[in-house]
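By convention in this document, chain letters (A, B, ...) are assigned in the order of the sequence lines, proteins followed by strands, and residues within each chain are numbered from 1.
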Amino acid sequence: MPELPEVETMCRGIACFRGEIIETALFPRHTRRASPIQPRPKILSSKLQGARITGITRLGKRAILSVTPANENNELFLIFEPRMTGLLLRVPPPTEKHVRLIARIKKYKHPLIFWDRRGLGTITMVDKSTFMSRFGNNALGPDALTASGPELYDKIHHSKRHIKVALLDQKILAGIGNIYASEILYAANIDPRTRCYRLSKDACARIASASSKILHHAIKHEGSSIGDETYRTADNRLGRYQRFHKVYGRDKNKCRRCKNDIQRIIQTQRSTFFCPSCQTRY
DNA sequence: CGTTCAACCTGGGCGC
DNA sequence: TGCGCCCAGGTTGAAC
């Protein structure tokens, strides 16, 4: 679910907790352990108890809380990876059933909650050096909100992959997922099946600029909420950017620009939406 | 080497 | 109604 705009909105929604102290951290049910570096709930609880939240930032599609444990000076990083259905909430969750973390915050009536229906999301904690090696510039491309055309061109001009598939690769640009990849390519007038090496510097500049524009616009409208058990803001409201989608989920509808049919195709097992007449293939 | 694919999960929607 | 199947915003590591 959450891509860059949704995770950015979550981070802004819980920004009030910056500087505050975590009283207790409970893990009421299993949270998937996707990596051996992921500390067990017991360890997480003890590190978080009494810790101060010193920063709340987004890195690609992850939300990062910088925390300083009660009896330590070193800063640790608590990393939330929502994947498909994870939410960070500061109000009561949609159901109690899928609550994965309850962090009581001093001075606040409601705790910080990580809620995840499908349970594919992860919560991990690392020190600074592990953070840099796992999530630094080698592991992640430049942020899709601010990346430039030349940066994108450098990353992809040698590649045979379809541009849509490359945009989903977090090492190329960080933050783009399946919804915004389709929307960005529509805005840049580029067919998602175009091979990367065929894209000119100018075309890469159009993609970078469309990426920045669309993601900023989506943040302004607090992300995209589609379907029922869907993305919510930290105070449990729906996002509104789905109203602005030009192609995603609009197959069998008409292109708003040219009135031809929007098409849905499958690329590496995932849906891509585009307008064959507005988006040119190079 | 670059690229693709199955697996990780739950639950809603659909056809029979 | 109910069952089985398909599908969904992401990431990873194994397989090709």
Side-chain angles (χ1 to χ4, degrees), chain A residues 1-10 29-38 58-63 79-88 93-100 114-124 133-135 138-141 144 155-185 192-193 195-197 214-215 218-219 221-233 238-245 247-252 264-273:
Chain A
M1 176 210 288
E3 307 180 30
L4 185 153
E6 291 77 26
V7 178
E8 178 67 26
T9 305
M10 283 179 199
R29 63 180 51 68
H30 178 72
T31 301
R32 201 165 80 86
R33 200 147 172 277
S35 149
I37 67 162
Q38 203 174 323
R58 177 187 59 77
L59 188 62
K61 299 176 194 170
R62 296 177 175 93
I79 303 166
F80 292 94
E81 205 174 301
R83 302 235 180 154
M84 302 288 253
T85 50
L87 300 177
L88 284 168
T95 65
E96 290 301 322
K97 190 175 174 190
H98 299 110
V99 173
R100 314 279 164 169
F114 185 63
W115 183 91
D116 185 4
R117 179 169 65 86
R118 278 172 73 177
L120 295 175
T122 63
I123 305 171
T124 192
S133 61
R134 299 264 306 190
F135 306 107
N138 294 336
L140 232 43
K155 294 256 183 198
I156 64 171
H157 75 94
H158 60 84
S159 169
K160 284 159 56 179
R161 277 195 290 188
H162 292 165
I163 179 60
K164 154 64 160 48
V165 176
L167 287 182
L168 292 180
D169 181 345
Q170 302 300 295
K171 291 200 232 10
I172 306 296
L173 298 181
I176 296 173
N178 210 39
I179 294 176
Y180 296 102
S182 285
E183 294 298 323
I184 288 165
L185 289 174
R193 300 163 295 184
R195 304 267 173 196
C196 289
Y197 67 84
I214 286 193
L215 296 174
I219 290 168
H221 293 279
E222 302 188 291
S224 302
S225 294
I226 296 168
D228 279 348
E229 300 271 346
T230 183
Y231 162 74
R232 308 296 186 100
T233 62
L238 297 174
R240 302 175 305 279
Y241 190 70
Q242 64 279 7
R243 301 173 195 169
F244 298 88
H245 290 177
V247 286
Y248 185 85
R250 297 195 69 248
D251 53 321
K252 294 168 191 155
R264 173 180 180 262
I265 58 171
I266 301 295
Q267 293 179 289
T268 60
Q269 317 290 86
R270 311 194 68 191
S271 294
T272 299
F273 301 88

Practice task
Examine B:dT10: is either OP1 or OP2 under 4.0 Å from a nitrogen or oxygen in the side chain of A:Lys97? Give yes or no.
Solution key: no
Completion exercise
Side-chain atoms of A:Arg161 come closest, of C:dA8, C:dG9, B:dT4, to B:dT4
Practice task
Output the single nucleotide from B:dG11, C:dT11, C:dG9 whose closest atom is nearest the side chain of A:Arg117.
Solution key: B:dG11
Distances for protein N or O near nucleotides 14-16 of chain C N or O, under 3.5 Å:
none

Handout entry: Presence of A:Tyr180 side-chain N/O under 4.0 Å of C:dG9 phosphate oxygens OP1/OP2
Key = no
Practice task
Looking at every strand, decide which applies to A:Thr122 at a 4.0 Å heavy-atom threshold: base, sugar-phosphate, or nothing.
Solution key: nothing
Exercise for the section: Using a 4.0 Å heavy-atom cut-off across all strands, classify A:Ser35 as base, sugar-phosphate, or nothing. Expected result: nothing
Exercise for the section: Under the side chain to side chain donor-acceptor pair (under 3.5 Å) rule, collect the residues that match up with A:Arg100, sequence neighbours excluded. Expected result: none
Practice task
Scan A:Arg33 against the nucleic acid and name what it touches under 4.0 Å (heavy atoms): base, sugar-phosphate only, or nothing.
Solution key: nothing
Fill in the blank from the handout: Across all chains, not counting sequence neighbours, the side chain to side chain donor-acceptor pair (under 3.5 Å) partners of A:Arg58 are A:Glu8, A:Asp143
Exercise for the section: Check for a donor-acceptor pair, side chain of A:Arg33 on one end and backbone N or O of A:Gln38 on the other, with a separation under 3.5 Å. Expected result: yes
Problem - Those residues that, when tested against A:His221, pass ring pair (Phe, Tyr, Trp, His ring centres under 6.0 Å) (two or more places apart) - result: A:His217, A:Phe244
Handout entry: Nearest listed nucleotide, side chain of A:Arg32, among C:dT12, C:dG10, C:dG9
Key = C:dG10
Exercise for the section: Check whether any side-chain N or O of A:Gln170 sits under 3.5 Å from a backbone N or O of A:Ile176 as a donor-acceptor pair, and report yes or no. Expected result: yes
Problem - Phosphate OP1/OP2 of B:dT10 contacted by A:Thr85 side-chain N/O (<4.0 Å) - result: no
Completion exercise
Residue set satisfying side-chain contact (heavy atoms from CB on, under 4.5 Å) with A:Thr9, at least two apart, ordered chain then number -> A:Glu222, A:Tyr231, A:Thr233
Practice task
Take atom P in C:dT11 and the same atom in B:dC1, then report the distance between them in whole Å.
Solution key: 23 Å
Completion exercise
Hits for side chain to side chain donor-acceptor pair (under 3.5 Å) against A:Arg29, two or more places apart or cross-chain, chain-then-number order -> none
Exercise for the section: Measure from the side chain of A:Arg270, starting at C-beta and using heavy atoms only, and say which of C:dT11, B:dT10, C:dG10 lies closest. Expected result: C:dG10
Exercise for the section: For A:Val165 and for A:Arg100, find the nucleotide of DNA chain B with the closest heavy atom, then tell me which residue's nucleotide is more 5'. Expected result: A:Val165
Handout entry: Heavy-atom pair with the smallest gap, counting every atom of A:Trp115 and A:Pro93
Key = CD1-CB, 3.5 Å
Fill in the blank from the handout: salt bridge (charged side-chain N to carboxylate O under 4.0 Å, His left out) filter on A:Asp169, not counting sequence neighbours, yields A:Arg161
Exercise for the section: Search all heavy atoms of A:Gly239 against all heavy atoms of A:Ser225 and return the closest pair with its distance. Expected result: N-OG, 2.8 Å
Problem - Proximity to the side chain of A:Arg264 - top-ranked nucleotide from C:dT11, C:dC7, B:dC8 - result: C:dC7
Handout entry: Short side-chain N/O contact from A:Gln170 to OP1 or OP2 of C:dT11, under 4.0 Å
Key = yes
Exercise for the section: Would you kindly compare A:Glu3 and A:Phe135 by the position of their nearest DNA chain C nucleotide and give the one closer to the 5′ end? Expected result: A:Glu3
Practice task
May I ask you to verify if any side-chain N or O of A:Lys61 is less than 4.0 angstrom from the OP1 or OP2 atom of C:dT11?
Solution key: yes
Exercise for the section: Pick base, sugar-phosphate or nothing for A:Glu6, based on heavy-atom distances below 4.0 Å to the nucleic acid. Expected result: nothing
Exercise for the section: Decide, yes or no, whether a salt bridge links A:Lys61 with A:Glu3 under the criterion of side-chain N to carboxylate O below 4.0 Å. Expected result: no
Problem - For A:Ser271, all residues meeting side chain to side chain donor-acceptor pair (under 3.5 Å), sequence neighbours excluded - result: A:Arg264
Completion exercise
Looking only at B:dT3, B:dT10, C:dG10, the nucleotide nearest the A:His98 side chain is B:dT10
Where do N or O atoms of nucleotides 3-6 of chain C meet protein N or O atoms at under 3.5 Å, pair by pair?
none

Handout entry: Residue met sooner reading DNA chain C from 5', once A:Pro36 and A:Ser271 are mapped to nucleotides
Key = A:Ser271
Handout entry: Under-3.5 Å donor-acceptor pair between A:Thr230 side chain and C:dG9 base
Key = yes
Quick test: give all pairs of protein nitrogen or oxygen and nucleotides 5-7 of chain B nitrogen or oxygen below 3.5 Å, distance rounded to 0.1 Å.
residue : atom : partner  : partner atom : Å
B:dA6   : OP2  : A:Gln269 : NE2          : 3.4

Completion exercise
Under the rule of Watson-Crick or G-U wobble with both distances under 3.5 Å, where | means paired to another strand and [ ] a crossing pair, DNA chain C maps to .|||||||.|||||||
Exercise for the section: Just jot down the side-chain contact (heavy atoms from CB on, under 4.5 Å) partners of A:Arg193, sequence neighbours excluded, or say none. Expected result: A:His162, A:Asp191, A:Ile265, A:Gln267, A:Phe274, A:Arg281
Exercise for the section: Quick one: label A:Gly119 by what it contacts on the DNA or RNA (base, sugar-phosphate, nothing), any heavy atom closer than 4.0 Å. Expected result: nothing
Exercise for the section: For A:Leu140 and A:Arg62, run side-chain contact (heavy atoms from CB on, under 4.5 Å): C-alpha distance rounded to whole Å, both residues' side-chain angles, the deciding distance at 0.1 Å, then the answer. Expected result: CA-CA 11 Å; A:Leu140 232 43; A:Arg62 296 177 175 93; 4.2 Å; yes
Practice task
For the residue pair A:Glu6 and A:Tyr180, confirm or rule out a side-chain donor-acceptor distance under 3.5 Å.
Solution key: yes
